[in-house]
Asks: 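The structure under discussion is supplied below as structure tokens; questions concerning it will follow.
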Amino acid sequence: MEGINDDDLTVTAVGATLTTTWLGRSYEYLPWIGSTNDEMKQRAAAGAPHGAVLLADYQAAGRGRLDRRWEAPPGTSLLFSALLRPSGWPAERGGWLTMLAALAVAESIETVGLPARLKWPNDVMLEQDGTWRKVCGLLLDTSLDAAGRLEWAIAGIGLNVNLPAAALPDTMTPATSLLVAGGRPIARRALLAELLARLESHYAAAAAGHSPVPEWSARLLTLGRPVRVARTGTGEPLVGMAEATDEWGHLLVRDSAGQLHTIAAGDVTLRER
Ligand code: BTN
């Protein structure tokens, strides 16, 4: 089929396509794995280098946030983990890493002509028939050193590229793929190369002390909207208006009594106005 001939994700093909300096220069492709994040954790502990990327065509036990599963049929997605060793970064900056990845994903999607936004904290969304749907999820695993600084972080990216409508997962946040939202198949290798190039350049800016929060926050669909927040650790959901994010990307939600709540983690549902 025209448009997806350029779909080879093996080492030689990806190596010839990458434009990065360090990200993905240690690259491994596996046709099948449990979870790329789980595998990369072991490699991180064994000394894998900053910028290592592990990509699988299929995951039998793909993990999502909040202990959810991440499912995608073979041959349809970009499922990979990037190992970052942000030497000396304080633990609170870990959140920046998912923001950098979210920005890189959104921008790379826009290079194939589809405007992308974000749903707090880090879902990448596309508009389809007037509804925003999730096209990509990000999962960050981190390890801290004895001083409480980031030792390594693994950014796990699951991007629905060529999933047909019938294969989209039935999730609380409705899902889509680039194929379904854009109406044509997308070459996964070129998209991967674009995404890694953008992630490398966002990372370089952040490593130089440039906060990604303003750029990331500007893409959030969530701000200015009524939301319901299922908070991790507490029973009661919070209902209110998402007003802003703070310097770390926490969500600031004002309840009906006028009290402002800072949400560091949780699941946000956008409510109708
Ligand atoms: C979410 O939105 O819940 C996060 C989904 C993250 C899925 C990706 S796929 C590659 C990497 N390996 C995993 O097991 N999960 C992440």
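Atoms within a ligand are numbered from 1 in the order they appear, just like the ligands themselves. Position 1 is the first residue of the sequence; numbering continues from there.
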Asks: Among side-chain atoms of T10 and D8, is any donor-acceptor pair under 3.5 angstrom?
Replies: yes

Asks: Out of all atoms in ligand 1, which are within 4.0 Å of some heavy atom of W70? Include the element for each.
Replies: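 Matching atoms, with element in brackets: 2 (O), 5 (C), 7 (C), 9 (S).
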
Asks: Show which atoms of ligand 1 fall inside a sub-4.0 Å distance from at least one heavy-atom site of G62.
Replies: 14 (O)

Asks: Below 4.0 Å, non-hydrogen atoms only: which portion of L138 touches ligand 1? Side chain, backbone, both or neither.
Replies: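 Under 4.0 Å from ligand 1, L138 contributes backbone atoms alone.
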
Asks: List the steps and the verdict of salt bridge (Lys or Arg N to Asp or Glu O under 4.0 Å) for E110 and R219.
Replies: CA-CA 13 Å; E110 289 181 345; R219 281 192 183 263; 3.0 Å; yes

Asks: Name the closest protein heavy atom to atom 6 (C) of ligand 1, giving the residue it belongs to and the distance to 0.1 Å.
Replies: R63 O, 3.5 Å

Asks: Which heavy-atom pair separates P169 from A175 by the least distance, and what is that distance?
Replies: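 Taking P169 first and A175 second, the nearest heavy atoms are O-CB, 3.8 Å.
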
Asks: What atoms of ligand 1 come closer than 4.0 angstrom to any heavy atom of S35?
Replies: 12 (N), 13 (C), 14 (O)

Asks: Can you tell which part of N122 has a heavy atom less than 4.0 Å from ligand 1: side chain, backbone, both or neither?
Replies: neither

Asks: Which heavy atom in A91 sits nearest to a heavy atom in L150, and how many Å separate them?
Replies: CA-CG, 4.2 Å

Asks: Can you pull out the closest protein heavy atom to atom 11 (C) of ligand 1? Residue, atom name and distance to 0.1 Å, please.
Replies: T36 OG1, 3.2 Å

Asks: Select the closest option to atom 3 (O) of ligand 1 among R65, E39, K134, E71, judged by heavy-atom distance.
Replies: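 Nearest option to atom 3 (O) of ligand 1, by heavy atoms: R65.
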
Asks: Around R254, counting heavy atoms of other residues, nucleotides and ligands shown, do more than 12 lie under 6.0 Å from its CZ?
Replies: yes

Asks: Using a heavy-atom cut-off of under 4.0 Å, does the side chain or the backbone of Q59 touch ligand 1, or both, or neither?
Replies: side chain

Asks: For the residue pair L191 and I109, what are the closest heavy atoms and their distance?
Replies: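 That would be CD1-N, 4.4 Å.
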
Asks: Distance only, no hydrogens: is a donor on one side chain within 3.5 Å (strictly under) of an acceptor on the other, for E194 and T111?
Replies: no

Asks: Show which atoms of ligand 1 fall inside a sub-4.0 Å distance from at least one heavy-atom site of G64.
Replies: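 Near G64, the atoms of ligand 1 are 1 (C), 3 (O), 4 (C), 5 (C).
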
